[in-house]
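Single-structure report; data block below.
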There are 2 protein chains.
Amino acid sequence: MKNPVQFYKCLADETRLRCLLLIAQEEELCVCELTQAIDEIQPKVSRHLAQLRKCELLLDRRQGQWVFYRINPALPDWAKAVLAATLASNQPFLVKNMNRLNKMGDRPARAQACC
Amino acid sequence: MKNPVQFYKCLADETRLRCLLLIAQEEELCVCELTQAIDEIQPKVSRHLAQLRKCELLLDRRQGQWVFYRINPALPDWAKAVLAATLASNQPFLVKNMNRLNKMGDRPARAQACC
DNA sequence: TTGAGACATACGTTAATTCATATATACTAA
DNA sequence: TTAGTATATATGAATTAACGTATGTCTCAA
């Protein structure tokens, strides 16, 4: 992450913020899960995830046909703290998304990183 | 503040973020001090401060010819925590501004709110 | 090797933000 | 009053960001 302004630009869009917070809450989510949870079309979600990846807020990992995104553990501590505080105090902002996610059938299973 | 997205939109501009952090650090600053500190023209600073006021991140108080801005104490705790964490870990982002501010002559004296 | 699902990106358009300049308002001091 | 300083806002132009649609790549399974 370049500077705090760039960091906050990443959080300053509804789609991106919802994705980030959902991922922070669930550890790891794939694109189709996010697409379902926030009820937006896939290219839109994908485009925003690409931006978060480019700014190094997220890391991705391919597993079969799916790509899972997670918070970049190399983020500076203050940035992690900002995300954590936002998540902890804004559950109402995410309820609908969490409901959609939980009602989703056929969620892809996570495999361990290594076997 | 309406929602976390609006809050982060407020932080997602260099001029606004610098103003906010400088104010958080100094308790209270007037427009001409901010204009000096961040080295931008007055209408630009004023416009961004107006936006932060409108979103209820800042409160203002007129004292004579000056208008002093301070962080709104009614901000939700998580938002205050976000600002505090950002300030604490991004001093390098502000050094030039702090230097300019400290070298500024004729800074208006703060009067107490009441006598 | 073909088809289908998951994901990424390119492209042109639209919408939102930011800007500099000009000007208005508020206050102070003469 | 008038002049001067501090601040706010209006306006139109310029920049940036977000969008939908179309299409490309990758993987798996038949």
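Every chain is numbered from 1, with letters handed out A, B, ... down the list of sequences.
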Touch check for Tyr69(B), heavy atoms < 4.0 angstrom, all strands: base, sugar-phosphate only, or nothing?
-> sugar-phosphate
One should read off an interatomic distance between Arg100(A) CZ and Gln36(A) CD, to the nearest 0.5 angstrom, of 8.0 Å
Spacing between Gln51(B) atom CD and dA16(C) atom P, to the nearest angstrom | 14 Å
Hey, which sits more toward the 5' end of DNA chain D by its nearest nucleotide, Glu40(A) or Lys44(B)?
-> Lys44(B)
From the options dA18(D), dC7(C), dA8(D), select the nucleotide whose nearest atom is closest to the side chain of Val67(A).
-> dC7(C)
Answer yes or no: is there an ion pair linking Arg18(A) with Glu40(A), defined by an N-O contact shorter than 4.0 Å?
-> no
For the pair made of CD in Glu14(A) and P in dA18(D), what is the distance, rounded to whole Å?
-> 12 Å
Grab the CG-P distance between Asp39(A) and dG20(D) for me, whole Å please.
-> 12 Å
Does His48(B) make a side-chain N or O approach to OP1 or OP2 of dC19(C) shorter than 4.0 Å?
-> yes
Glu33(B)/Arg110(B) salt bridge by N-O under 4.0 Å criterion | yes
Atom CH2 of Trp66(B) and atom P of dA29(C) are separated, to the nearest Å, by 8 Å
Taking dT9(C), dT7(D), dT17(C) as options, the one with an atom nearest any side-chain atom of Lys9(B) is dT17(C)
How would you label the contact of Arg47(B) with the nucleic acid (heavy atoms, under 4.0 Å): base, sugar-phosphate, or nothing?
-> base
Would you mind classifying the nucleic acid contact of Pro43(B) as base, sugar-phosphate or nothing, using non-hydrogen atoms under 4.0 angstrom?
-> base
Donor-acceptor pair under 3.5 Å, Gln42(A) side chain vs dA8(C) base | yes
Of the listed nucleotides dT27(D), dA8(C), dA26(C), the one nearest the side chain of Val31(A) | dA8(C)
Among the nucleotides dA8(C), dT27(D), dC19(C), whichever has the atom closest to the side chain of Ser46(A) is dA8(C)
Consider the side chain of Ala50(B), meaning its heavy atoms from C-beta on, and name the nucleotide among dT5(D), dT21(D), dT9(D) that approaches it most closely.
-> dT9(D)
With no hydrogens and no angle check, do the side chains of Arg61(B) and Gln63(B) hold a donor and an acceptor under 3.5 Å apart?
-> yes
Separation of Lys54(B) atom NZ from dT9(D) atom C1', in whole Å?
-> 12 Å
Which whole-number value in Å describes the distance from Arg53(B) CZ to dA8(D) C1'?
-> 8 Å
Gln36(B) CD - dA6(D) C1' separation (whole Å) | 13 Å
Quick one: on DNA chain D, does Gly64(A) or Ala12(A) contact a more 5' nucleotide (nearest heavy atom)?
-> Ala12(A)
Please confirm whether the backbone N or O of Tyr69(B) pairs with a side-chain atom of Asp60(B), one donor and one acceptor, at under 3.5 Å?
-> no
Just how far, in rounded Å, is P of dA3(D) from CD of Gln65(B)?
-> 18 Å
